[in-house]
Amino acid sequence: MAYLLGVVAFVAALVLSVTLHEAGHLVAAKRFGMKATQFFVGFGPTLWSRRHGETEYGVKAILLGGFVRIVGYTTLEKLDEADRPRAFYLQPARRRAVVIVAGVAANLLLAFVLLVALATVVGVRQAGTATTVVERVSACVPERLGGRCAPGRPPSPARAAGLRSGDRIVSFAGRPVGGWQELRAAIRAAPAGRAVPVVAERDGTRRAFQARLAEVDGEPFLGVTARVVGVRYDRLGPGEAVVFALKGIAVTVAQMGRALAALPAALPELFSPQRGQSAGGQIGSVVGAGQISGEIFASGGSWRDAAGPYLALVASINIFLGALNVLPLLPLDGGHLAVLGYERLRARIARARGRSDPGPVDITRLLPVTYLAVVLLVGLGVLLIVADLLNPLRLSP
């Protein structure tokens, strides 16, 4: 139930993010007197709509985007003479630029607010120390590390051996272990498929167990997670929270840039166990983000343990939406901004030569590139969705 709640919470946050992005375009367009006839969240069949003034507001069935229909957004649109003075492409360049970037600004503003809330309300998590005390025993041997238990999977070696939450492992395969890293090293050094002795302290008494390790993703698997002690959340003041949020946005944008640059090389690994080991392979779809949100809610712990990662996840989604939309590719916002920049540059050159303004760019010449960009973006999105369904990314333990 907690997992489902996390998925629903992510869908709600995604819809809110898309709505704010499109609202940024709408508010800016109306502020400058442009005519907007439709404001919809989603695509496909209309589920609900209502007209307010000259604009129809509504929700469509597929909640994977949204749109604002501004009259005359491109030169391809036929205009009624009555609407011509309010057409987008006939407005001053600065106004058009503001309308174009308003959606991105709305996403970045939401990300900023969420990160400030994380820092001031939830607090910044300070990592604790992982111990050899067992926090949780895995119910099964998953198909891959971090995977969930599917029906029919065998019990984990730890569960089959009788280990319980609260046991403190003091030795593994004859090796004393004083910390979690020593225990992990001992597990990795042990042979999978063979029974190894495990000594654990329970209620002040040491007990001996025999665990036959399984193999998952090529590594020996016991099936326990460590209890972490010393974790704390430090709430920041307003000034520190602003700095924290700005740094978080800058770092996230830089990480996304590196990940996008590495994505082509990582495409062959999207369906391999090594997917998460490269920056490009860590890029996921909305399906993967929903899965991670579900895992955040289902991971247990305090409300801060769920609220912090959830707010960071939603902030990162908004940063991604903003960063993606500034790419200079039509039909993205960055593509329209690039066309506007080229148009103004051409006008300045013409003016310097004593010629008249050549006017708006002939968008029909860019249609082949636009179609190619749409095919690539949709194809990549579908590929990432399939990868997230068949080979999902998981939260780090």
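Below, each value reflects all heavy atoms present in this structure, side chains not excepted, and no hydrogens, waters or symmetry copies. This structure is a prediction, so every number in the text was calculated from the model and none was measured.
- With sequence neighbours excluded, the residues satisfying side-chain contact (heavy atoms from CB on, under 4.5 Å) with Ala61 are Pro45, Leu47.
- For the salt bridge (charged side-chain N to carboxylate O under 4.0 Å, His left out) with Asp357, the qualifying choice from Arg344, Arg351, Arg346 is Arg344, the only one to do so.
- With a 4.5 Å cut-off on side-chain heavy atoms, Pro157 and Arg212 do not count as touching.
- Side-chain atoms of Tyr233 and Asp305 form a donor-acceptor pair, as typed in the model, at a separation below 3.5 Å.
- For the pair Ile169 and Val177, the minimum side-chain heavy-atom distance is below 4.5 Å.
- A heavy-atom distance below 4.5 Å is found between the side chains of Leu236 and Val124.
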**Request:** Quick one: do Thr225 and Glu135 satisfy side-chain hydrogen bond (donor to acceptor under 3.5 Å, both in side chains)? Show the steps, please.
**Result:** CA-CA 6 Å; Thr225 57; Glu135 178 65 26; over 6 Å; no
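- Side chains of Lys30 and Thr55: a donor on one and an acceptor on the other come within 3.5 Å.
- The hydrophobic cluster around Phe67 extends to Phe40, Phe43, counting ILVMFWY residues whose side-chain heavy atoms fall within less than 4.5 Å of a member.
- By the 4.5 Å heavy-atom criterion applied to side chains, Thr37 and Glu54 are not counted as neighbours.
- For an aromatic pair to be called close, the ring centres must be under 6.0 Å apart, and Tyr89 with Tyr73 fails this.
- Applying the disulfide bond (SG atoms under 2.5 Å apart) test to every pair with at least one member in residues 127-225, sequence neighbours left out, gives these pairs: Cys140-Cys149.
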